[in-house]
Amino acid sequence: MEKKSKRIVSLVTMMLLFFIVMAANFRGCFSAASQTPIKGKPTTPANDRVGSSVFFRVTGNVYPTGHYSVILNIGNPPKAFDLDIDTGSDLTWVQCDAPCKGCTKPLDKLYKPKNNRVPCASSLCQAISTGQNYNCDIPTEQCDYEVQYADLGSSLGVLLSDYFPLRLNNGSLLQPRIAFGCGYDQKYLGPHSPPDTAGILGLGRGKASILSQLRNLGITQNVVGHCFSRVTGGFLFFGDHHFPPSGITWTPMRRSSSDTLYSSGPAELLFGGKPTGIKGLQLIFDSGSSYTYFSAQVYQSILNLVRKDLSGKPLRDAPEEKALAVCWKTAKPIKSILDIKSFFKPLTINFIKAKNVQLQLAPEDYLIITKDGNVCLGILNGGEQGLGNLNVIGGERLLT
């Protein structure tokens, strides 16, 4: 694989409409779409495919794993790859033997290119070059990419296409040819170890997203949803054929053409069901983020509210705990969130422009029990992560 330095792009995700989904047995669910869902049963074979869905089993947890992943098969014959679910980026990519630098998987677990490069003249190559200087002097040249993430990880590679075998909910097996990234140079410059997955499943609404490609092929609607269990795992689906019959709440996303993130707002924050005075919050939903981040000012307000409410309760600061920034301990190691749940109050995000739409965060949804038996705040200071004024609701908080 020819490794070039030009036509390098950075990728972020776009979405027009976001739907909050509630489920009784799951910690949190998320669903999003860029057009009105199909209603009623389809009447033609083509529509039958567009009205179908694809389901995947999700594995992982918030702590200690720190991410959620699914298995996707790629190629013919198919080879399985575990991919980190990320609604914060468009491009799906896998670690690639081209050869590979900075890969975390053994050689036999890497994708092997087969002269299946996407040329730079492709509209998909132009799509991942949005906001960058796009040059394609020779139309048959390969399409290079670079995707960078907020946690200081990155992947450099080439755009390829291959078969993605998918079993639809109607029982049919399709093998659409999908464009994806062959990542031959991965870097992880952040403080945490890289995930043990083979790559990223990009679930944005950009043209290069697997969701958009499936929609353009007439296989599924451009709808994605996932539910995460309170314990571990959950499920992910593409398409709108099996929305739950009840328990769904909807709120619109910002429609700015320049807004490339799943972003809703404005919203206000409640603590223990009472107003905090924090209003006008613009929120970004990113399943690829392990934790939830608020801007420095909002974060400090939340921390002050929690600490004030803990006054007189049998919890002490645990500065020796290094799992997260703010942690507490009791006289004995904490075995379960149920042991200390009553000491904390729920947080609520109230979406002002949507009637009766709230994101409820019970204590078990924003607290982490560490291996040493301490309890930590799973909400972090985005200012310390270089996020500025962004408020990011991470994957483990989507949505409770």
Side-chain angles (χ1 to χ4, degrees), residues 1-13 56 58-61 64-118 120 124-125 128 141-165 177-204 208-210 236 286-290 395:
M1 187 68 63
E2 185 181 0
K3 300 180 181 179
K4 299 185 177 182
S5 60
K6 63 180 181 178
R7 293 193 308 279
I8 299 303
V9 301
S10 296
L11 306 179
V12 289
T13 186
F56 304 91
V58 172
T59 60
N61 53 56
T65 302
H67 65 267
Y68 293 89
S69 62
V70 297
I71 300 292
L72 256 70
N73 291 313
I74 303 176
N76 187 16
K79 186 173 183 177
F81 295 91
D82 55 330
L83 304 178
D84 193 350
I85 302 170
D86 186 18
T87 58
S89 61
D90 287 339
L91 185 67
T92 292
W93 62 266
V94 297
Q95 296 181 22
C96 194
D97 181 17
C100 194
K101 179 181 178 181
C103 283
T104 59
K105 293 288 188 180
L107 188 61
D108 64 332
K109 299 295 183 181
L110 302 181
Y111 178 87
K112 185 70 175 179
K114 304 183 290 290
N115 193 30
N116 52 338
R117 294 177 295 182
V118 173
C120 69
L124 290 176
C125 186
I128 65 173
E141 279 193 338
Q142 69 186 32
C143 177
D144 302 295
Y145 76 86
E146 182 178 20
V147 56
Q148 298 177 336
Y149 301 98
D151 63 0
L152 303 182
S154 66
S155 175
L156 179 70
V158 175
L159 198 64
L160 305 180
S161 69
D162 207 340
Y163 297 105
F164 278 59
R177 198 168 184 93
I178 300 293
F180 65 102
C182 163
Y184 57 67
D185 188 356
Q186 278 63 244
K187 291 184 174 64
Y188 306 95
L189 304 179
H192 304 293
S193 300
D196 58 1
T197 52
I200 297 292
L201 178 61
L203 298 177
S209 167
I210 188 172
L236 168 76
D286 181 6
S287 68
S289 174
S290 297

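Every value quoted in this text rests on a predicted model; they were computed, and no experiment measured them. Reckoned from all heavy atoms, side chains included, excluding hydrogens, waters and symmetry mates.
- Taking NZ from K112 and NZ from K79, the interatomic distance works out to 10.0 Å, rounded to the nearest 0.5 Å.
- A heavy-atom distance below 4.5 Å is found between the side chains of I210 and L203.
- Considering only heavy atoms from C-beta on, I178 stays 4.5 Å or farther from D162 through its side chain.
- A disulfide is not assigned to C96 and C103, since their SG atoms are no nearer than 2.5 Å.
- Separating the CZ atom in R117 from the CD atom in E141 is a distance of 9.5 Å, to the nearest 0.5 Å.
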Legend entry - Check against side-chain hydrogen bond (donor to acceptor under 3.5 Å, both in side chains), S154 and Q148: CA-CA 4 Å; S154 66; Q148 298 177 336; 5.7 Å; no
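- Looking only at side-chain heavy atoms (C-beta outward), L91 and L159 come within less than 4.5 Å of each other.
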Pairs of donor and acceptor atoms involving the side chains of residues 69-76, under 3.5 Å and at least two apart or interchain, shall be tabulated with distances.
unit_1 : atom_1 : unit_2 : atom_2 : d
S69    : OG     : T59    : OG1    : 3.2

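- The structure places CG of D86 at 14.5 Å from OH of Y68, a figure rounded to the nearest 0.5 Å.
- Considering V94, L201, L110, T92 as possible partners of F81, the one that fulfils the side chain to side chain contact (heavy atoms under 4.5 Å, CB included) test is V94.
- Here D82 pairs with K105 in a salt bridge; the nearest charged N to carboxylate O distance falls below 4.0 Å.
- With respect to F180, the ring pair (Phe, Tyr, Trp, His ring centres under 6.0 Å) criterion is satisfied by exactly one of Y111, Y145, Y163: Y111.
- Between atom CD1 of residue I200 and atom CD of residue Q95 there is a gap of 9.5 Å, rounded to the nearest 0.5 Å.
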Inset, instruction - Would you sort out whether C120 and C125 count as a disulfide bond (SG atoms under 2.5 Å apart), showing the intermediate values? - result: CA-CA 6 Å; C120 69; C125 186; 5.8 Å; no
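- You'll find the side chain of T197 stays beyond 4.5 Å of the side chain of L83, heavy atoms only.
- Between T104 and Q186 the shortest side-chain heavy-atom distance does not fall below 4.5 Å.
- The CG atom of L160 sits 9.5 Å away from atom CZ of R177, with the distance rounded to the nearest 0.5 Å.
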